[in-house]
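Comments concern the structure below.
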Amino acid sequence: MNSPLPDSWQEWLGAEFEKPYMQVLRDFLSAEKSSHKVIYPHSSDWFRAFELTPLDQVKVVILGQDPYHGPNQAHGLCFSVRPEVPVPPSLVNIYKELAADLGVEPVNHGNLEYWARQGVLLLNTSLTVERGNAGSHRGKGWETFTDRAIAAVNEHAKPSVFLLWGSPARKKKALVDTSRHLVLESPHPSPLSAHRGFFGNHHFSQANAFLEQQGRSPIDWQLPADPEASVP
């Protein structure tokens, strides 16, 4: 595949598309499509997180695992769903923590583009998944690419905040220079684990406090009631 990345990421990640692991990944995805398997999200959204959040504007990185595997959910941003889709349970819990931490009012949609356009990189570690088969594209090459993306933020972005929720995300701490960036860790917001320490982690207020200490504008975490109003 030719690099589909916007210019701000191209300098640091464009060469990844010529590497052997990417050819292996490309062949795997082609074979999956040839087998008539449905892949989420649509290929036009695989790099949506990079399109909405230029590298030089990154302020916060939130890491997910792989995209939602139900119909019409995934659109390239971790934890986010298309406007017409019910809010998934993990995102419901994120909204609960936001309300408790900052008094942010929950909305009745799950479109997080408003955050992405402010500098919140909503990055899944695997960018595709087979319909109805969670984790099906792990270990196929995406993690190598997204690790390079994390490294690019670490090396080239202004001091930023990494929100690492759950064991897979927390392993990425090794890629981050904690003398420059703030890393905040907790259990995952899934209903299976949120009560073990995600609730009450105050990550959102801590993130904004760090950004302001660095002379950067804080994130407006209050999503608009209209899911299409994604421009802050």
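You'll find the ring centres of Trp165 and Phe79 inside the 6.0 Å limit.
Each of Leu91 and Val129 belongs to its own hydrophobic cluster when Ile, Leu, Val, Met, Phe, Trp and Tyr are linked at side-chain heavy-atom distances under 4.5 angstrom. Note on Tyr40: it does not cluster hydrophobically with Leu122, by side-chain heavy-atom contacts below 4.5 Å among ILVMFWY residues.
Between Lys173 and Glu185 there is a salt bridge, since a side-chain N of the basic residue sits under 4.0 Å from a carboxylate O of the acidic one. A salt bridge does not link Arg216 to Glu212: none of the charged side-chain nitrogens sits closer than 4.0 Å to a carboxylate oxygen. Ion pairing of Asp45 with Arg82 is present here, as a side-chain N (NZ or NE/NH1/NH2) and a carboxylate O approach within less than 4.0 Å.
The structure places CG of Leu121 at 11.0 Å from CG of Leu163, a figure rounded to the nearest 0.5 Å.
Counting only distance, with no hydrogens or angles, the side chain of Gln118 and the backbone of Tyr114 share a donor-acceptor pair below 3.5 Å.
Scanning all heavy atoms of the two residues, the minimum distance from Lys33 to Ser43 falls at NZ-CB, 4.3 Å.
His188 and Ser193 share no side-chain donor-acceptor pair at under 3.5 Å. Judged by distance alone, the side chains of Trp142 and Thr128 do bring a donor and an acceptor atom under 3.5 Å apart. No side-chain donor-acceptor contact under 3.5 Å links Arg117 and Gln57. Between Thr144 and Lys19, the side chains place no donor N or O within less than 3.5 Å of an acceptor N or O (distance only, hydrogens not considered). Between Asp66 and Ser126, the side chains place no donor N or O within less than 3.5 Å of an acceptor N or O (distance only, hydrogens not considered). A donor-acceptor contact under 3.5 angstrom links the side chains of Gln23 and Asp27, judged on distance only. Side-chain contact of Glu16 with Tyr21: a donor-acceptor pair under 3.5 Å is present, judged by distance alone.
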Indicate every side-chain donor-acceptor pair of residues 49-56 with a distance under 3.5 Å to a residue at least two apart or in another chain.
| unit_1 | atom_1 | unit_2 | atom_2 | d |
| --- | --- | --- | --- | --- |
| Glu51 | OE1 | Arg48 | NH1 | 3.4 |
| Thr53 | OG1 | Ala116 | O | 2.8 |
| Thr53 | OG1 | Val120 | O | 3.4 |

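Using a 4.5 Å heavy-atom cutoff, the side chains of Glu113 and Leu77 are in contact.
Using cut-offs of 30° and 60° for the angle between ring planes, the Phe204 and Trp115 rings count as tilted.
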